[in-house]
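A short write-up of the structure that comes next.
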Amino acid sequence: MSAVTVQNLVKTYASGGRRATDDVSLEVADGEFLVLVGPSGCGKTTLLRMVAGLETPDSGRVSIGGRDVTDLPARERGLSMVFQSYAIFPHMRVRQNIGFGLTMRKVPRDEFDRRVARAAELLRLTDYLDRYPAQLSGGQRQRVAVARAIVVDAAVLLMDEPLSNLDALLRLQFRAELKRIVSQLGTTTLYVTHDQAEAMSLGDRVAVMRDGRVAQLGPPLSVYDRPSDRFVGGFLGSPPMNFLTARVRDGLLAIGDASLPAPDQLSTWDGRDVVVGVRAENIQVSAQARPGWLPARVEVVEPTGAALLLTVRLGDEQLKVQAPTTFQATPDQPLHLYAPQDSLRFYDPETSLALPLTSPSAASSPSPVTSPSP
Ligand SMILES: Nc1ncnc2c1ncn2[C@@H]1O[C@H](COP(=O)(O)OP(=O)(O)OP(=O)(O)O)[C@@H](O)[C@H]1O
Ligand SMILES: [Mg+2]
């Protein structure tokens, strides 16, 4: 049984016009961490608020633990929430803030102490229980908000951008802590972020949203590896997936002046243009010309510390390539590129959708584009 089921949820705000969510359906499995990710305004918060019972859908149903809760108020849904504005009470000590939900439920004193102590320990707040929020750092306040949400042992945890108030370093630290805590608790979690790296890092599965719809839903690495359309490939990953236009002709794939053998998947595309998608880290670079490698030119060199991010020109196209730090690259320098055939993804230039794989073997073929990999 899935913990949360959302069926055909449609929501249009009175002042909005466009649908904030447009027929969204998804299921969160028991104990799963599902991340809703997408650009600003794509409907993530609206969807979460409808699950929470804070927003009423125009149509569609929400079930929690197999029970239809669409018409139930928020407090009867058995959920716990952490929102972006973590809204902890300034006049209460950390202990009372964390235990707020327990106080509301009139939990006895000894059980209150035991559960608050456990939540505080999980969030490394044990030494701060007697402080007031004003005496805490931003990251500690955020942890109080999370402790307050987990202390009530709700069946489902909803979080809307809980890390967005933190600076970059704290975000990274707390992201890892959150992952540890949630996996330790095993609580079913629906988590909203617009940060693709956060989504990739936290989610058992990610739902990439666009314009009120789910564009793709799956385990992070499989969505990253096989984006179902150009939008998803461009949204997940830093840098975004490269997209180049190529012409299929006589079994070859022509990119600018160079050509590669076309995979079987493109056999019905003869004489037409396709869009080739390829990730920066799947492109190999060489200073020397090699058979089957594509001649290109360096435009920009950006050291990231762990690698060199190169912006290169290939015919009329510009693409991002990740090279080892040992690679000697200077602007204007010629270089040669190679990407294994199984790292190339193909998209319909009109619909932007991924082209269907012709055969299962085409999906897993490890054979290189032309010459063997060096
Ligand atoms: N209370 C409201 N009244 C009218 N329109 C709204 C309201 N709340 C959201 N919207 C609109 O609904 C759409 C979806 O908004 P939502 O807040 O769900 O987006 P989001 O994905 O959470 O974005 P962000 O990443 O910026 O938080 C947007 O076009 C937004 O302008
Ligand atoms: Mg939002």
Side-chain angles (χ1 to χ4, degrees), residues 33-37 39-40 44-45 48-49 52 54 79-105 107 109 111-154 156-203 206 220 238 304-306:
F33 197 121
L34 185 84
V35 179
L36 300 174
V37 65
S40 183
K44 306 178 295 293
T45 295
L48 199 74
R49 288 175 59 84
L54 300 173
L79 304 163
S80 199
M81 286 170 256
V82 184
F83 286 115
Q84 179 177 347
S85 55
Y86 35 78
I88 53 179
F89 305 112
H91 60 286
M92 285 185 197
R93 293 183 195 271
V94 167
R95 183 187 318 279
Q96 277 65 41
N97 261 295
I98 294 178
F100 182 73
L102 302 177
T103 307
M104 298 303 285
R105 286 169 177 74
V107 164
R109 184 75 221 187
E111 188 185 340
F112 178 100
D113 287 341
R114 189 167 43 75
R115 288 168 71 173
V116 168
R118 170 147 187 268
E121 194 185 311
L122 270 174
L123 283 132
R124 306 191 205 284
L125 287 168
T126 306
D127 294 340
Y128 303 91
L129 284 171
D130 291 318
R131 292 206 194 175
Y132 286 99
Q135 300 166 311
L136 300 177
S137 71
Q140 288 163 343
R141 278 178 226 166
Q142 195 74 56
R143 299 216 293 269
V144 173
V146 173
R148 186 177 59 183
I150 63 168
V151 82
V152 294
D153 280 336
V156 178
L157 192 56
L158 304 179
M159 296 199 241
D160 191 354
E161 311 250 6
L163 310 186
S164 58
N165 283 317
L166 307 179
D167 64 42
L169 184 60
L170 267 183
R171 251 183 113 102
L172 276 185
Q173 288 172 352
F174 196 45
R175 181 169 97 188
E177 281 202 45
L178 202 58
K179 191 166 176 159
R180 167 183 64 83
I181 292 159
V182 174
S183 76
Q184 220 165 317
L185 293 172
T187 311
T188 305
T189 306
L190 189 54
Y191 184 101
V192 163
T193 179
H194 64 270
D195 179 337
Q196 57 85 25
E198 202 170 294
M200 296 274 303
S201 129
L202 289 173
V206 298
S238 175
T304 64

Exercise for review: Before giving the answer on salt bridge (Lys or Arg N to Asp or Glu O under 4.0 Å), spell out for Arg118 and Glu121 the whole-Å C-alpha distance, their side-chain angles and the decisive distance to 0.1 Å.
Suggested key: CA-CA 5 Å; Arg118 170 147 187 268; Glu121 194 185 311; over 6 Å; no
Point to revise | Intermediate values then yes/no, side chain to side chain contact (heavy atoms under 4.5 Å, CB included), Met159 and Leu178 | key: CA-CA 11 Å; Met159 296 199 241; Leu178 202 58; 4.3 Å; yes
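- No donor-acceptor distance shorter than 3.5 angstrom exists from the side chain of Thr189 to the backbone of Phe33, with no hydrogens or angles considered.
- In this structure, Leu79 CG and Leu158 CG are separated by 5.0 Å, a value rounded to the nearest 0.5 Å.
- Checking side-chain atoms of Arg143 against main-chain N and O of Leu122 turns up no donor-acceptor pair under 3.5 Å.
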Exercise for review: Would you sort out whether Ser164 and Arg171 count as a side chain to side chain contact (heavy atoms under 4.5 Å, CB included), showing the intermediate values?
Suggested key: CA-CA 8 Å; Ser164 58; Arg171 251 183 113 102; 4.0 Å; yes
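- Between the side chain of Lys44 and the main chain of Tyr191, no donor-acceptor pair closer than 3.5 Å is present.
- Looking at Val146 and Phe174, their side chains come closer than 4.5 Å, going by heavy atoms from C-beta outward.
- Here the CD1 atom belonging to Ile181 is positioned 3.5 Å from the CG atom belonging to Leu123, to the nearest 0.5 angstrom.
- Side-chain atoms of Arg105 come within 3.5 Å of backbone atoms of Gly101 as a donor-acceptor pair (strictly under, hydrogens ignored).
- Gly203 and Pro220 make their closest contact through O-CG, 3.3 Å (heavy atoms, listed as atom of the first residue, atom of the second, distance).
- Summarising the geometry of Pro133 relative to Met92, their closest heavy-atom pair is CD-O, 3.1 Å, with the distance given to 0.1 Å.
- Note that CG of Asp167 is 9.5 Å distant from CG of Leu172, once rounded to the nearest 0.5 Å.
- Taking every heavy atom of both residues into account, Thr193 and Glu198 meet most closely at OG1-OE2, 3.4 Å.
- Across Phe89 and Arg148, no two heavy atoms sit closer than the pair CE1-NH1, 3.7 Å.
- The distance from atom CG of Leu48 to atom CE of Met81, rounded to the nearest 0.5 Å, is 8.0 Å.
- Between the CZ atom of Arg93 and the CG atom of Leu129 there is a distance of 11.0 Å, given to the nearest 0.5 Å.
- Counting only heavy atoms from C-beta outward, the side chains of Gln142 and Leu170 never approach each other to under 4.5 Å.
- Side chain of Arg141 to main chain of Leu136: a donor-acceptor pair is present (N/O by atom type, distance under 3.5 Å, no hydrogens or angles).
- For the pair Val94/Gln140, no side-chain contact is recorded, criterion being any heavy-atom separation below 4.5 Å from C-beta on.
- Between Val37 and Asp195 there is no side-chain heavy-atom pair separated by less than 4.5 Å.
- Between the CG atom in Leu163 and the CG atom in Leu202 there is a gap of 7.0 Å [rounded to 0.5 Å].
- For the residue pair Val82 and Ala145, the shortest heavy atom distance occurs at CG2-O, 4.0 Å.
- Of all heavy-atom pairs spanning Tyr132 and His91, the tightest one is CE2-O, 3.4 Å.
- A search for side chain to side chain donor-acceptor pair (under 3.5 Å) contacts involving Arg109 returns Asp113, not counting sequence neighbours.
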